[in-house]
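In this text the structure is predicted, and so the values were computed from the model without any measurement. Each ligand, and each atom within it, is numbered from 1 in the order the structure gives. These values consider heavy atoms only, across backbone and side chains, with no hydrogens, waters or symmetry-generated copies.
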Amino acid sequence: MRSDLEAAAIGVRVASRERWLLRDVDFSVSFGERVGLSGPSGGGKSTLLRALVLLDPLESGSIRWRGNIVDELAIPTFRSEVTYVHQRPAFLEGTVEENLRLPFQLRAQSGRKYDAELAVRWLERLGRPPELLTQRADRLSGGEGQLVSLVRVLQLRPSLLLLDEPTSALDPETSGRVEEVLVGWVKDRPDERACVWVSHDADQVERVSTRRLLFANGQFASPVGEGAST
Ligand SMILES: Nc1ncnc2c1ncn2[C@@H]1O[C@H](COP(=O)(O)OP(=O)(O)OP(=O)(O)O)[C@@H](O)[C@H]1O
């Protein structure tokens, strides 16, 4: 059966090209899945997620999204459907709300408009009040930044989220909310949503994933088994 995202034999080298960060890596994910990715620091998990959305140039291999090779022209639309969520998100000057409005100016989002009510609903589900919208984005704490970055992504209705340690700066209670929101997000539409979740917390991986993988030295190690199936 065809997977929705398929990476075939992808390779990434450092800019100087003297070292491979990923070499001949195969990976696929299908809608409905929640893939938990763990492994040692510096093992290449972020590099892999970035390569899956072509944020770094591939030295070899290819990415297919829903059966089609993703070429240069397809990248903007592809990235509106498959989104990398950075562990330490960046914001532009201005309020949180101004930052939430910005992606709607991109061509890939044409025809869509910022919806303040939707943003407030996501914030509420993440345990934050609407007043956060008026706060300056550059004054957010690390944890608040992670929450706002999730709202920024979720409001754009993506299909596949590549989550790079999305709760690393959050307290346990808020982490729990994020887990609930993101697991629920996939479960609500399992035929059109999935996520890959990088975490160093083995218990979290167990809670959030339907499939668990270990990534080290730029390669997948042998599977560590199935996670929570529901
Ligand atoms: N642009 C780059 N140029 C050179 N080396 C890089 C580059 N990007 C990443 N690396 C190196 O690639 C390796 C993998 O880094 P990566 O951030 O993907 O690991 P990780 O598994 O996500 O680590 P962590 O769990 O600490 O976040 C590291 O040794 C890192 O220093």
Test applied, side-chain contact (heavy atoms from CB on, under 4.5 Å); reference residue, Tyr84; option that passes from Leu52, Leu54, Leu55: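 Result: among Leu52, Leu54, Leu55, Leu55 is the only option passing the side-chain contact (heavy atoms from CB on, under 4.5 Å) with Tyr84.
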Can you list, pair by pair, the side-chain donor-acceptor contacts under 3.5 Å of residues 89-108, counting residues two or more places apart and other chains?
unit_1: Thr95; atom_1: OG1; unit_2: Glu97; atom_2: N; d: 3.4
unit_1: Thr95; atom_1: OG1; unit_2: Glu98; atom_2: N; d: 3.0
unit_1: Glu97; atom_1: OE2; unit_2: Tyr114; atom_2: OH; d: 2.8
unit_1: Glu98; atom_1: OE1; unit_2: Thr95; atom_2: N; d: 2.8
unit_1: Asn99; atom_1: OD1; unit_2: Leu92; atom_2: N; d: 2.7
unit_1: Asn99; atom_1: ND2; unit_2: Leu92; atom_2: O; d: 2.9
unit_1: Asn99; atom_1: ND2; unit_2: Thr95; atom_2: O; d: 3.0

Using modelled atom types and a 3.5 Å cut-off, is there a donor and acceptor pairing between side-chain atoms of Arg50 and backbone atoms of Asp56?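 Looks like no, no N/O pair under 3.5 Å.
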Looking only at side-chain N and O atoms, does Ser46 offer a donor or acceptor that is under 3.5 Å from a partner on Gln87?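 No pair is found: no donor N or O on one side chain lies under 3.5 Å from an acceptor on the other.
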Quick one, list the residues around ligand 1 where some non-hydrogen atom comes in under 4.0 Å, by chain and residue number.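 Residues Val14, Arg19, Leu21, Pro40, Ser41, Gly42, Gly43, Gly44, Lys45, Ser46, Thr47, Glu165, His200 each place a heavy atom under 4.0 Å from ligand 1, listed by chain and number.
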Only distances under 3.5 Å count here; give the side-chain donor-acceptor pairs of residues 65-73 to other protein atoms, sequence neighbours excluded, each with its distance to 0.1 Å.
unit_1: Trp65; atom_1: NE1; unit_2: Glu81; atom_2: OE1; d: 2.6
unit_1: Asp71; atom_1: OD1; unit_2: Leu73; atom_2: N; d: 3.3
unit_1: Asp71; atom_1: OD1; unit_2: Ala74; atom_2: N; d: 3.1

Taking side-chain contact (heavy atoms from CB on, under 4.5 Å) as the test, write out the residues that go with Val120, two or more places apart.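 In terms of side-chain contact (heavy atoms from CB on, under 4.5 Å), with neighbours along the sequence ignored, Val120 is linked to Glu124, Pro130, Leu133.
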